Amino acid sequence: MRWGVIQFPGSCDERDALHACEIAGGEARLVWHEERDLEGIDAVVVPGGFSYGDYLRAGAIARFSPAMEAVAEFAARGGPVLGICNGFQVLCEADLLPGALLRNEDLRFVCRQVELQVGQLNPPEGTQSSIPRGETLSIPAKHGEGRYWAPEEMLDRLEANGQVVYRYAPGQNPNGSARDIAGVTNEAGNVLGLMPHPEHAVDAMTGSTDGLEVFERLAKVAA
Amino acid sequence: MAKARVLIRPKEGILDPQGKAVERALPALGFEGIEHVRVGRMVELEAEDPGRLAELCEKLLANPLIEDYEIESIDGG
């Protein structure tokens with residue numbers, strides 16, 4: 001398993017993402033935003049941070065980078081792609097994932113551990129979690145623009161298609177996200193984005209290893 | 001070059017917490033009777049081909065899922 005972690009100017013979680021990929025299994029390397037070549041890479045991670053200063057809108061400029069063009073082609077061929085926090089925003093801006101991330105409801109930057117419920121009703125073939133539906137993961141969240149939003153009919157469709165992979169546990173929604181949504185996939189299930197940071201929850205030293213579930217889920221799509 | 005101004009605002013019906021925060025601060029400053037504050041963005045630019053500005057807005061300056069935009073040309077440029 002060979003992982004590629006995209007690095008933009010302004011990325012800040014790419015090192016933890018590399019570490020998490022290696023713990024999840026395999027080799028991992030950084031892919032500079034000017035690179036166009038994903039040859040030999042089995043799964044891509046678009047990490048957190050503030051790509052290109054988040055100017056205009058979070059993720060708006062990063063989506064036009066050469067590396068993201070390559071990621072779009074990779075995703076279209078069914079390659080697994082994980083977007084974390086700013087990476088989730090980039091994938092939404094690039095139309096690789098549905099919806100958008102807006103300023104947190106209370107305007108505060110949130111930085112705390114949250115409980116995520118794993119659970120799709122009808123997951124696309126081959127993308128089921130190894131964790132039973134309804135179980136929770138303890139993963140840190142840290143963002144100012146994490147309020148997931150999509151039109152009501154799109155939300156209905158996402159739920160019916162099994163694209164809502166993670167929800168904040170009851171009472172834990174930190175940002176006003178629609179229907180407590182913390183993470184979604186595309187229709188095919190090979191592109192996944194979430195606001196909380198699984199790459200910061202892969203070592204017992206920092207309190208939780210629950211984040212590995214997210215990386216393992218992606219590895220399964222690659223297999 | 002044609003000078004233009006692009007106004008971008010959150011779509012109707014989408015919660016705008018910045019607008020709400022501004023609105024809540026107003027009474028304390030003595031501004032009563034102000035409602036429905038919405039905060040958006042303005043981009044000024046000069047374009048060789050103003051005919052392509054709508055495409056530019058759709059692709060980059062605004063996110064059409066969550067934002068509306070208006071393009072105004074600025075006279076005297």
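In what follows, chains carry the letters A, B, and so on, assigned in the order in which the sequence lines appear, proteins first and then strands, with residues in each chain numbered from 1. This one's a predicted model, so the numbers in the text were calculated from it and none came from an experiment.
If you measure heavy-atom distances from B/Glu67 to chain A, the contacts under 4.5 Å come from the side chain alone. Only the side chain of A/Arg57 comes within less than 4.5 Å of a heavy atom of chain B; its backbone N, CA, C and O stay farther away. In this structure, the portion of A/Asn104 lying under 4.5 Å from any heavy atom of chain B is its backbone and not its side chain. Proximity to chain A is absent for every atom of B/Ile8, based on heavy atoms less than 4.5 angstrom apart.
Heavy-atom neighbours of B/Glu55 CD from other residues, nucleotides or ligands within 6.0 Å: above the threshold of 12. With a 6.0 Å radius and a threshold of 12 heavy atoms from other residues, nucleotides or ligands, A/Lys142 has its NZ atom above the threshold. Annotation: A/Tyr55, atom OH; neighbour count of heavy atoms from other residues, nucleotides and ligands within 6.0 Å does not exceed 12. Heavy atoms from other residues, nucleotides or ligands lying under 6.0 Å from CZ of A/Arg112 number more than 12.
Here the straight-line distance linking atom CZ of A/Arg147 with atom CD1 of B/Ile14 works out to 8.0 Å at 0.5 Å rounding. Taking CD1 of B/Ile66 as the reference point, atom CG of A/Leu102 lies at 5.0 Å (rounded to 0.5 Å).
Contact detail for A/Ala100 and B/Asn63: the closest heavy-atom pair is CB-ND2, 4.1 Å.
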Derivation and outcome, side-chain contact (heavy atoms from CB on, under 4.5 Å), residues A/Trp149 and B/Leu65: CA-CA 9 Å; A/Trp149 187 90; B/Leu65 184 67; 4.0 Å; yes
Criterion side-chain contact (heavy atoms from CB on, under 4.5 Å) on B/Arg41 and A/Leu56, from CA distance to verdict: CA-CA 9 Å; B/Arg41 263 192 318 278; A/Leu56 205 56; 3.9 Å; yes
